[in-house]
Protein chains: 2
Amino acid sequence: MYEIIKAIAEPNRLSILKMVRTREMSAGQIAESFGSITRPAVSQHLGVLKKAGLLTEKREGTSRLYKARPEGFASLKEFLEEFWEPRLQKLKTVVENENNEK
Amino acid sequence: MYEIIKAIAEPNRLSILKMVRTREMSAGQIAESFGSITRPAVSQHLGVLKKAGLLTEKREGTSRLYKARPEGFASLKEFLEEFWEPRLQKLKTVVENENNEK
DNA sequence: CACTTACGTAAGTGTAGACTAACATATTTT
DNA sequence: AAAATATGTTAGTCTACACTTACGTAAGTG
């Protein structure tokens, strides 16, 4: 769980997550959209995010495509919900049931 | 929002939050239950948590009593929910309505 | 008003981690 | 197989920050 918090507790990493939330992006594309930091820095951030289970990596040719992995956030969400609002636990079940019905 | 993530991205601070989740505790009491770190260190952590809006402080004589402040987590919870599962937004409204009915 | 109690604050130190530059690796192209 | 492309890895630097020691402060007590 801590790995996740640490992973998102860094501005550039959170920016990366936002970028790959809806679409796949290559490491190079991600690095380009950063004016400030270099490609190796991005690569290292991707490593941290991937290790925390927040990204999927797909190799395609010489490129590697990254995409956010929502399931990776599950343990953090659960922690927050249980910690602050035990009542939400009930609702979580409702959501899961809805999803199963689809 | 970042202030909140940074605040909980430190093991001792998260421990403090767990301690004062259900009951009020003085700074001294909190410091005592840490075998490892000193009282000033705890005091500094309390400052960070308070600044992030995660704690309430109540002065009582020479003591200061701290307690977790669930509302402080709202923006982080909202961010996570919206970021990963936009569908939960719907449920959030349900919860709020339930609470209003009480 | 001195003294004690319960704190916060400031200054200085050590370390984790974010960064860059240089190098290594893997896949495609010629 | 050499060259080009896209990327990861390593070594070293610099800064943020968690920590301790020493000091400052504010509220009770004799």
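All values derive from a computational prediction rather than experimental measurement. Just so it is clear: chains get the letters A, B, ... in the order the sequence lines come, proteins before strands, and each one is counted from 1.
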Roughly how many Å is it from [atom1] in [X] to [atom2] in [N], rounded to a whole number?
{"X": "Leu14(B)", "N": "dA18(D)", "atom1": "CG", "atom2": "P", "value": "13 Å"}
{"X": "Glu57(B)", "N": "dC7(C)", "atom1": "CD", "atom2": "C1'", "value": "10 Å"}
{"X": "His45(A)", "N": "dG17(C)", "atom1": "NE2", "atom2": "P", "value": "13 Å"}
{"X": "Ile37(B)", "N": "dT15(C)", "atom1": "CD1", "atom2": "P", "value": "17 Å"}
{"X": "Ile16(A)", "N": "dT7(D)", "atom1": "CD1", "atom2": "P", "value": "13 Å"}
{"X": "Tyr2(A)", "N": "dA16(C)", "atom1": "OH", "atom2": "C1'", "value": "14 Å"}
{"X": "Arg13(B)", "N": "dC19(D)", "atom1": "CZ", "atom2": "P", "value": "8 Å"}
{"X": "Ile5(B)", "N": "dC17(D)", "atom1": "CD1", "atom2": "C1'", "value": "17 Å"}

Next on the checklist: From the set dC19(C), dG17(C), dG8(D), return the single nucleotide nearest to any side-chain atom of Ser43(A).
Outcome noted: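 Selected nucleotide (nearest to the side chain): dG8(D).
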Checklist entry - What residues, two or more places apart in sequence or in another chain, satisfy side chain to side chain contact (heavy atoms under 4.5 Å, CB included) together with Thr62(B)? => result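 For Thr62(B) there are no side chain to side chain contact (heavy atoms under 4.5 Å, CB included) partners, ignoring immediate neighbours.
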Next on the checklist: For Gln29(B), give me all partners under side chain to side chain contact (heavy atoms under 4.5 Å, CB included), at least two apart in sequence or on another chain.
Outcome noted: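 Gln29(B): side chain to side chain contact (heavy atoms under 4.5 Å, CB included) contacts with Met25(B), Ser26(B).
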For residues 35-46 of chain B, which side-chain donor-acceptor pairs fall under 3.5 Å, sequence neighbours excluded?
unit_1: His45(B); atom_1: ND1; unit_2: Arg13(B); atom_2: NH1; d: 3.1

Please state whether the phosphate of [N], meaning OP1 or OP2, lies under 4.0 angstrom from any side-chain nitrogen or oxygen of [X].
{"X": "Lys6(A)", "N": "dA16(C)", "result": "no"}
{"X": "Tyr66(A)", "N": "dT7(D)", "result": "no"}
{"X": "Thr38(B)", "N": "dC19(D)", "result": "no"}

Looking only at non-hydrogen atoms, find the nearest pair between [X] and [Y] and report the distance.
{"X": "Leu17(A)", "Y": "Leu54(A)", "value": "CD2-O, 4.0 Å"}
{"X": "Glu10(B)", "Y": "Tyr2(A)", "value": "C-OH, 2.7 Å"}
{"X": "Val20(A)", "Y": "Leu55(A)", "value": "CG2-CD2, 3.6 Å"}
{"X": "Glu3(B)", "Y": "Ala52(B)", "value": "O-CB, 3.9 Å"}

Item to check | Full working for side chain to side chain contact (heavy atoms under 4.5 Å, CB included) between Phe73(B) and Glu81(A) | outcome: CA-CA 10 Å; Phe73(B) 262 68; Glu81(A) 285 168 6; over 6 Å; no
Checklist entry - Which part of the nucleic acid does Ala41(A) contact within heavy-atom distance under 4.0 Å: base, sugar-phosphate only, or nothing? => result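 Counting heavy atoms under 4.0 Å across all strands, the contact made by Ala41(A) includes a base.
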Next on the checklist: Considering every strand and a 4.0 Å limit on heavy-atom distances, what is the contact class for Phe34(B): base, sugar-phosphate, or nothing?
Outcome noted: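 Here Phe34(B) touches no strand at all.
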Could you give the side-chain donor-acceptor pairs of residues 64-71 of chain A under 3.5 Å, partners two or more places apart or in another chain?
unit_1: Arg64(A); atom_1: NH1; unit_2: Glu57(A); atom_2: OE2; d: 3.4
unit_1: Tyr66(A); atom_1: OH; unit_2: Glu57(A); atom_2: OE1; d: 3.3
unit_1: Arg69(A); atom_1: NH1; unit_2: Gly53(A); atom_2: O; d: 2.8

Item to check | Base-pairing mate for dG30(D) - Watson-Crick or G-U, with both contacts under 3.5 Å | outcome: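 In the structure as shown, dG30(D) has dC1(C) as its Watson-Crick or wobble partner.
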Item to check | DNA chain C: 5'-proximal contact among Val42(B) and Asn12(A) (nearest heavy atom) | outcome: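 Upstream on the strand: Val42(B).
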Next on the checklist: I'd like to know if Leu76(B) and Phe79(A) are part of one continuous hydrophobic network [Ile/Leu/Val/Met/Phe/Trp/Tyr, side-chain heavy atoms within less than 4.5 Å].
Outcome noted: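 In one cluster: yes.
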Next on the checklist: Return a single string for nucleotides 24-30 of chain C, one symbol per nucleotide in 5' to 3' order, where B is base contact, S is sugar-phosphate-only contact and - is none, cutoff 4.0 angstrom on heavy atoms.
Outcome noted: --SBS--
Give each protein N/O atom lying under 3.5 Å from an N/O atom of nucleotides 10-15 of chain D, with the pair distance.
unit_1: dT10(D); atom_1: O4; unit_2: Gln44(A); atom_2: NE2; d: 3.1

